[in-house]
Amino acid sequence: MELKKYLLTGLAAATLFSTFQACKPKGAGEAVSGNAAEKTYVAPGKYDEFYNFVSGGFSGQLSVYGLPSGRLLRVIPVFSLDPEKGWGFSEETKPMLETSHGNVPWDDLHHVQLSKTDGNYDGRWVFANANNTPRLARIDLTTFRTAEILELPNSGGNHSSPFITENTEYVVAGTRFSVPLDGEGGDVPINTFKKNFRGTLSFVSVDKNDGNMELAFQIETPGVNYDLSRAGKGVSHGWFFFSTYNTEQANTLLEVNASKNDKDFVLAVNWKKAEEYIKAGKGKKVSGLKYAHNKYDEKSHTSKTEFKTETLVLNAEELEGLCYYIPCPKSPHGVDVDPSGEYIVGSGKLAALIPVFSFSKIQKAIEGKQFEGKFGGIPIIKYEAALYGEVEKPGLGPLHTEFDGKGNAITSFFVSSELVKWNIKDLKIIDRVPTYYSTGHLMIPGGDTKNPDGKYVIAYNKITKDRFLPTGPELSQSAQIFDISGDKMQLILDFPTIGEPHYAQAIRAEKVKDKSVKIFKIEENTNPHVTKGEKDARVERKGNQIHVYITSVRSHFSPDNIEGVQLGDEVFFHVTNIEQDWDMPHGFAVKGAKNGELLVMPGETQTLKWVPDRIGVFPFYCTDFCSALHQEMQGYIRISKKGSNVPLTYSLGTNLPAEGAN
């Protein structure tokens, strides 16, 4: 089929992007109807219907909002330092940011995925990707804290992740940037892209009991860029679908050079076949790598890093039946699978149509060898042989599609700033609504599951222009909630988000809230530096290290007077919060520390390392408001010159003012 008439040239696309970003749709201020407030109002003391987990983009964190209120409930630190919670600052959490490049304190978190059982969210974990230094994270939804981070070798960027199979057998990640594989062979001229650059798809297994992730295998493919992906479900369970771009294999000025072909590809991967090949010994064990596996333990409140050195690789070009390419209009972004698993929707960013592929037709095409040659040794299925049909003239710049569970799909359009609803079976447009402005991802709660909850759709917009009070040259990031319970989509709320929101997922609150940990039992704390009561509080010298075993409780530290520390000593404050009451964290900070605070939950131990750089008396204090006498929750540590004869002492309430000191 000739697609050129539907495609936008690079110049035309650039013009449209500029035009639509500069103009605001008419009636933007009056877009919300009169009864919108009652649809989003959550009364004081009442709970939202959904937890909404939203990627933080360049913040490197994961944010949690309530729906439909749009209220920010929590920011979960994942890949970036977070002084509010001491993440990456405490000695216990520093290892979580370790990589083969050293301690990396930032990343670019683009996508989130809730764990699934039988194709539906189970409320156990949420996974997130690090787009820059390739990593996957697992967040435990009993604690809303990052439990594990796994670095991915042989990968340049990690955008096409962390998409998961319908029973969370695998978390899958496709490299955004094809690169030479790790090792000494990576020192090659950049303009040898076509010869030396490779793509990798990482399949990470997830333990069904504790969630532990392991790099099970990687699939090596020709050098293209992988944008997004989705697992099959139902009839297509056992398959994975990846959108690709830069089939031109350009290495410079991709804006022009990677937009020449009328079609790029969706890559269909038979991961069940991959398991068969591995069982048959067809995988190649690659050694000499280095990648970090970081885990946090909630019993000891400590984390550790283990460096791995090998992986198992399958070569897609050599193994028949493992991978197939399906032509897709140029520069596809999203690739999405409907609740039945039969229909696969491609979204060519520069196309003025939406192709819908049929899984059953794909299988027949493979069986009948309806191919139109190969790309890099991988068969290309004929476009018409895989195609169910096309949604014609839906809008400009289609990016992502989610499903409402009622037989309909909703697609986001970046250039024309709108959401468009269409029917999966007859491919007819049903409704369209403007967004403000330039929407990227969209999300329906459960929109990628077997049973979507078709009540709301949320647009995560890239540009806000006039939607909120101005805050200088950088404006608030934005999301908008639409009610889709009726025939027409209705805008009911704008709400700001931390930046930059990309993808998100939402789960009904009852699947998560009752599992939430309230305190850590002090008697179960196995941290090697725990202090389980004030009677055990102490200060010990070990060479030039001073270990302060200190407790916090409303409203004092024990000990709160410490003397005999010398310049050149390293001081470790091991702070245990001995509270056993919900919502009673304590903070800890000391003057001059070149890192962040500690935020210590009830029953938990965290450690702050401090190297004093001058003599004097330094205050330390609780940074998290805990009681009416919070201001009084403080102490002092005295630093003397090196070689001083001041004895090492510590006390609470006994180091009273000296007589005659006034």
Side-chain angles (χ1 to χ4, degrees), residues 8 13 54-55 57 110-113 129 131 157-164 172-174 176 201 224-233 236 239-247 263-269 326-339 341 343-357 359 386-388 390-391 394-404 408-422 424 427 435 438-444 446-449 452 457-462 500-505:
L8 304 174
V54 184
S55 68
H110 271 225
H111 305 124
V112 300
Q113 282 274 283
N129 72 325
N131 185 35
N158 178 34
H159 192 262
S160 186
S161 79
F163 299 101
I164 66 175
V172 180
R176 177 178 182 177
L201 312 174
V224 294
N225 293 37
Y226 290 98
D227 202 336
L228 287 162
S229 54
R230 285 289 190 194
K233 61 174 74 77
S236 56
W239 287 75
F240 229 99
F241 304 94
F242 297 82
S243 61
T244 75
Y245 65 102
N246 192 24
T247 54
K263 297 185 287 293
D264 286 292
F265 298 122
V266 167
L267 178 66
V269 177
I326 304 166
C328 188
K330 67 165 61 180
S331 298
H333 190 52
V335 56
D336 298 285
V337 181
D338 89 307
Y343 302 105
I344 301 102
V345 180
S347 296
K349 292 179 296 189
L350 302 182
L353 57 78
I354 301 174
V356 180
F357 302 105
F359 180 73
L387 186 70
Y388 171 74
E390 296 171 340
V391 182
L396 298 175
L399 293 186
H400 302 278
T401 299
E402 296 246 321
F403 305 91
D404 67 1
N408 304 313
I410 300 177
T411 301
S412 60
F413 289 82
F414 180 84
V415 179
S416 52
S417 290
E418 60 184 333
L419 300 181
V420 177
K421 181 194 286 189
W422 49 277
I424 300 169
L427 308 181
T435 60
S438 298
T439 182
H441 279 281
L442 78 166
M443 185 276 296
I444 294 173
D448 71 328
T449 69
V457 63
I458 296 86
Y460 299 93
N461 303 330
K462 302 303 182 185
E500 173 192 3
H502 289 270
Y503 189 44
Q505 292 201 322

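Keep in mind the model is a prediction, meaning the values are calculated, not measured.
Leu399 and Phe414 get closest at one heavy-atom pair: CD1-CB, 3.6 Å. Heavy atoms only, all atoms of each residue included: Pro339 and Lys233 are closest at O-CD, 3.3 Å. Pairing each heavy atom of Leu353 with each of Pro398, the nearest pair is O-CG, 4.2 Å. Across all their heavy atoms, Tyr503 and Arg230 have their closest contact at OH-NH2, 2.7 Å.
Within the 4.5 Å cutoff, the side chain of Leu419 has heavy atoms near those of the Thr439 side chain. Residues Thr401 and Ser347 have side chains in contact (heavy-atom distance under 4.5 Å, counting atoms from C-beta outward). Using a 4.5 Å heavy-atom cutoff, the side chains of Val224 and Phe265 are not in contact.
Close placement of the His111 and Phe163 rings is indicated, their centers lying within 6.0 Å of each other. Phe359 and Phe357 have their aromatic ring centers separated by at least 6.0 angstrom.
Donor-acceptor pairing under 3.5 Å is recorded for the side chains of Ser160 and Ser229. Asp227 and His159 form a side-chain donor-acceptor contact under 3.5 Å, judged by distance and modelled atom types alone. Side-chain atoms of Asp264 and Thr247 form a donor-acceptor pair, as typed in the model, at a separation below 3.5 Å.
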**Request:** Mind running side chain to side chain contact (heavy atoms under 4.5 Å, CB included) on Thr244 and Val266 for me, showing each step along the way?
**Result:** CA-CA 6 Å; Thr244 75; Val266 167; over 6 Å; no
**Message:** One pair to check against side chain to side chain contact (heavy atoms under 4.5 Å, CB included): Val420 and Phe413. What are the steps and the verdict?
**Reply:** CA-CA 8 Å; Val420 177; Phe413 289 82; 3.5 Å; yes
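Formation of a donor-acceptor pair under 3.5 Å by the Lys349 side chain with backbone atoms of Lys330 is not found in this model. No donor-acceptor distance shorter than 3.5 angstrom exists from the side chain of Ser438 to the backbone of Lys462, with no hydrogens or angles considered. Although no hydrogens or angles enter the test, the distance criterion places a donor-acceptor pair under 3.5 Å between the side chain of Ser243 and the main chain of Leu228. Under a 3.5 Å cut-off, the side chain of Asn225 and the backbone N or O of Arg176 do form a donor-acceptor pair. No side-chain donor-acceptor contact under 3.5 Å links Lys421 to the backbone of Thr411. Distance alone, capped at 3.5 Å, is enough to place a donor-acceptor pair between the Asn129 side chain and the Asn158 backbone.
Tested against Phe403, the residues Val337, Val345, Asp448 include a single side chain to side chain contact (heavy atoms under 4.5 Å, CB included) partner, Val345. Evaluated for a side chain to side chain contact (heavy atoms under 4.5 Å, CB included) with Trp422, the options Val391, Asn408, Ile410 yield exactly one hit, Val391.
Rounding to the nearest 0.5 Å places CG of Leu201 at 11.0 Å from OG of Ser161. Annotation: the span from Ile458 atom CD1 to Ser412 atom OG amounts to 13.0 Å, rounded to 0.5 Å. The line from OG of Ser331 to OH of Tyr245 is 8.5 Å long, rounded to the nearest 0.5 Å. If you take NZ on Lys263 and CD1 on Ile326, they are separated by 13.5 Å, rounding to the nearest 0.5 Å. Atom OH in Tyr388 sits 10.0 Å away from atom CG in Asp338 (nearest 0.5 Å). Atom CE of residue Met443 and atom CD of residue Glu402 lie 7.5 Å apart, to the nearest 0.5 angstrom.
Between His333 and His400, the ring planes lie perpendicular to each other; the angle is over 60°, past the 30° to 60° tilted range.
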